[in-house]
Amino acid sequence: MDQGLSTATTLGVPSIHRARFLLGKDRVCMTRVVVTGGAGFIGSHLCEALILRGSEVVCIDDLSTGSEENIASLLGTRGFSFIRADVSRGLDVEGKIDAVLHLASPASPPAYLRRPLETLAVGSRGTEAAISLAARHGARFIMASTSEVYGDPAVHPQPESYWGNVNPIGVRSVYDEAKRFSEALTMAYGRERKVDVGIVRIFNTYGPRLRAGDGRVVSNFVSQALSGEPLTVYGDGSQTRSFCYIDDLVSGLLAMVDSDVSGPINLGNPAEYSVSALADMVIELTGSKSKVITQPLPADDPVRRCPDISTAKRLLGWEPVTDLVAGLERTIDWFRSEMKS
Ligand code: UDP
């Protein structure tokens, strides 16, 4: 069942951004980009990539789940500025802005479950503040949504046309429904105010800078394996996820900024693994002697998750290139060096 997928063209938004954002061979990118949540895991890698291709970046983060350490290499770099602020309290940035990317939100389940009201605030008032900033400046707005909008999916793999299966009052709803509301708000600004909008639905992403205590499965397993602790598999470990390496995800985000596509667009790696299989891989790749133990499955934990990325391939020419072994090796190296220092 196709439940509708629109592009900027159907919203009547002119296709100007391919020319405005794409780097020509001999041209310098002179764009100025605001990244909310820019000191987080994905945000900090995105800021780096934007700076590398010549953009000016205004990074906004309240450091509630992000950290200054993530942007340490950028602080003091020409073209990069950091504002410590909670975007749900409003947002104003002076000067020209070409694009606003709204990534601010707790993103790991334990992090948003610990901050239910803040998560709802940043995914509602925060999204409105970010999108109205884009509207005032005539900037492109990219909403970082999530695979969680599909909830515990009844369709597999998940295409963007699937409307999802979310428990609207369950514990995870603070994140899921905030992101669903953000998508609705984004589309309404696109339709009503003609803001140039794009929505990406980000699936599980991993890589350097995931925090050991973050609570996500890759960071938990890698830090547990490296410190010789048991790997904590929740439930029987048969639930599946699809893991996208951070560099691939960032290249998808940049492709979305450069396009005139409104989406939503799934960004993720379609290779699907059970959580038990991931635990075995991490043990093997780290050479750890850790055992695997089971713990209770969290409430509303989705049983299967895997993106259909055919829309991203078709409209953005994007697909991930890093397989799980290669990505885990780089991630493990990073965790090792962090533990040493
Ligand atoms: N998980 C696990 N052990 C952990 C952390 C997570 O088995 O130490 C499971 C979790 O129950 C879920 C999957 O791994 O089924 C992915 O969890 P994560 O928190 O990384 O993200 P989610 O996809 O649930 O948002």
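When a ligand or atom number is given, it counts from 1 through the structure's own listing order.
- Residue-level contacts of ligand 1 at the 4.0 Å heavy-atom threshold are P109, E148, R172, N204, G215, R216, V217, N220, F221, T232, V233, Y234, Q239, R241, V275, P298, D301, R305.
- The hydrophobic cluster around Y112 extends to L113, L120, V171, V174, Y175, counting ILVMFWY residues whose side-chain heavy atoms fall within less than 4.5 Å of a member.
- To the nearest 0.5 angstrom, F181 atom CZ is 6.5 Å from E128 atom CD.
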Does the pair E48 and S73 meet the rule for a side chain to side chain contact (heavy atoms under 4.5 Å, CB included), with working shown? CA-CA 9 Å; E48 269 177 13; S73 66; 3.3 Å; yes
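- Annotation: side chain to side chain donor-acceptor pair (under 3.5 Å) contacts of D333 (sequence neighbours excluded): none.
- Ionic pairing of E148 and R305 is present here: one or more N-O contacts between side-chain nitrogen and carboxylate oxygen are shorter than 4.0 angstrom.
- Remark: T240 pairs with E272 by the side chain to side chain donor-acceptor pair (under 3.5 Å) rule, at least two apart or across chains.
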